[in-house]
There are 2 protein chains.
Amino acid sequence: MSLKDTIDRTDLKILQVLQQDARISNQALADRVALSPSACLRRVRELEGKRLITGYHAHVAVDRIRAVTIVLAQVSFERHSPGHFGRFDQWVARTGEVVESWRVSGQYDYMLRVVVTDLHDWKRLMLEMMEGGFGVEKITSNFLMDEMKSFGGYPLAPSPAAG
Amino acid sequence: MSLKDTIDRTDLKILQVLQQDARISNQALADRVALSPSACLRRVRELEGKRLITGYHAHVAVDRIRAVTIVLAQVSFERHSPGHFGRFDQWVARTGEVVESWRVSGQYDYMLRVVVTDLHDWKRLMLEMMEGGFGVEKITSNFLMDEMKSFGGYPLAPSPAAG
DNA sequence: CCTGAAATCCACTATTG
DNA sequence: CAATAGTGGATTTCAGG
């Protein structure tokens with residue numbers, strides 16, 4: 001709870017607006033949260049400083065710029081040794097095609113979001129993973145057909161329907 | 001190919017920079033892509049107009065603001081009828097906890113990214129999906145343990161190692 | 001499609017409450 | 001902590017090549 005006490009309704013509103021429109025001017029943002037520009041700017045800088053805002057990103061329609069195949073890969077490991085995971089994470093970090101990597105609980109260990117040009121490209125990456133000595137046991141891949149709802153920010157407050 | 005012809009190296013650079021830092025000033029952006037501020041701004045507006053940039057989003061460390069459990073849910077349907085998919089998509093659209101929904105090929109039909117408060121909250125959503133008359137057959141859920149690499153933009157050019 | 005100038009608007013700081 | 005006001009600098013429009 002230590003952080004939540006330092007955040008008030010106004011900060012939440014700021015985060016909500018910036019999640020939806022990161023390029024809004026500080027003045028317009030100040031208007032929307034009913035604050036003077038200077039007070040608003042100070043809060044934004046504080047939120048950045050506390051790393052509650054960790055970046056601002058343009059969302060690009062990559063499929064309209066280059067040929068892309070988006071793969072959701074479920075990766076399971078033979079053993080759960082930290083060493084293997086660590087080296088795998090390093091490989092992920094330096095591999096630009098892997099745009100997102102999550103450790104998950106369940107039947108598999110990692111869920112990757114990978115952006116490749118085509119199936120041949122994906123095969124190459126799969127080989128790198130299987131033969132990189134990371135202890136990868138199995139990779140199950142699914143291909144994105146259609147983005148029905150794309151990420152536009154987190155719900156910063158629990159839904160009213162929730163407990 | 002019709003769109004790719006209308007995009008040059010400078011546009012790509014602009015997209016690349018804005019993917020990483022959407023709040024960069026137009027002047028700094030112009031510097032980075034070796035253009036005058038006015039020319040740069042015009043290109044950005046055009047990229048927005050052509051919907052190659054579809055939004056600007058702040059990335060918020062939601063786990064430091066509220067209690068969250070992030071679920072990756074794989075949903076499969078009894079039948080693949082467009083009507084059921086459509087009504088399911090509508091439910092997804094109005095359900096704020098579902099922050100991302102992908103139609104995929106493979107063993108299951110949808111992959112959802114869901115943000116809930118706790119397991120009880122997730123159970124409620126599962127029930128809504130199973131009993132909403134959408135024809136949902138099975139839901140497999142996995143819980144996010146750790147975000148090892150978080151999304152920071154697409155590779156806008158194919159990797160040199162590819163084909 | 002660019003540059004460069006001019007006008008408007010905004011970010012940021014200092015000051016004060 | 002917030003508001004206000006001032007100034008340096010940025011955004012945006014427009015003329016011209």
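All values below come from the heavy atoms of this structure, side chains included, with hydrogens, waters and symmetry mates left out. In what follows, chains are A, B, ... by sequence order, proteins preceding strands, each numbered from 1. All of these numbers come straight from a predicted model, not from anything done at the bench.
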Quiz prompt | Phosphate-side-chain proximity, B:R45 and D:dT12, N/O vs OP1/OP2 below 4.0 Å | solution = yes
Quiz prompt | Rounded interatomic separation in angstrom, taking CG from A:L29 and C1' from C:dA11 | solution = 13 Å
Quiz item: Between C:dT13 and A:R42, is there an OP1 or OP2 to side-chain N/O distance shorter than 4.0 Å?
Solution: no
Self-check item: Separation of C:dT8 C1' from B:N26 CG (nearest whole Å)
Solution: 15 Å
Quiz item: Does a side chain donor of either A:Y110 or A:D89 reach within less than 3.5 Å of an acceptor in the other side chain?
Solution: yes
Quiz prompt | Exam field: side chain A:R124 to backbone A:L119, donor-acceptor pair closer than 3.5 Å | solution = no
Practice problem: Could you please name the option among C:dA11, D:dT12, C:dT3 that lies closest to any side-chain atom of B:P37? | Solution: D:dT12
Quiz item: Given that B:S36 and A:A28 both sit by DNA chain C, which one's nearest nucleotide is further toward the 5' end?
Solution: B:S36
Practice problem: Mind calculating the distance between CG (B:L41) and P (C:dT3) to the nearest angstrom? | Solution: 13 Å
Quiz prompt | Backbone N/O of A:A22 and side chain of B:R23: donor-acceptor pair under 3.5 Å | solution = yes
Quiz item: When the distance from CG of B:L35 to C1' of D:dT11 is rounded to whole Å, what number comes out?
Solution: 15 Å
Quiz item: What's the CG-P distance between B:D31 and D:dG9, to the nearest Å?
Solution: 15 Å
Quiz item: With distance as the sole test, does B:H59 use its side chain to make a donor-acceptor pair with the main-chain N or O of A:T54 at under 3.5 Å?
Solution: no
Exercise. Specify the separation, in whole Å, of atom CG of A:L47 and atom C1' of D:dC1.
Key: 15 Å
Self-check item: Along DNA chain D (nearest heavy atom to each residue), the more 5'-positioned of A:R43 and A:R23
Solution: A:R43
Self-check item: Among D:dT11, D:dC1, C:dC2, the nucleotide that comes nearest once only the side chain of B:Q27 is considered
Solution: D:dT11
Quiz item: Under 3.5 Å, is there an N or O donor on one side and an acceptor on the other linking the side chain of B:S25 and the base of D:dG9?
Solution: no
Quiz item: In whole Å, what is the span from the CD1 atom of B:I24 to the P atom of D:dG9?
Solution: 18 Å
Quiz prompt | Whole-Å gap separating C1' (C:dC1) and CD1 (B:I14) | solution = 12 Å
Practice problem: In sequence, state the C-alpha distance, the side-chain angles, and the governing distance for B:H57 and A:Y56, and then conclude on ring pair (Phe, Tyr, Trp, His ring centres under 6.0 Å). | Solution: CA-CA 6 Å; B:H57 303 284; A:Y56 301 98; over 10 Å; no
Quiz item: Looking at the side chain of B:S38, which of C:dC12, D:dT4, C:dG4 is the nearest nucleotide?
Solution: C:dG4
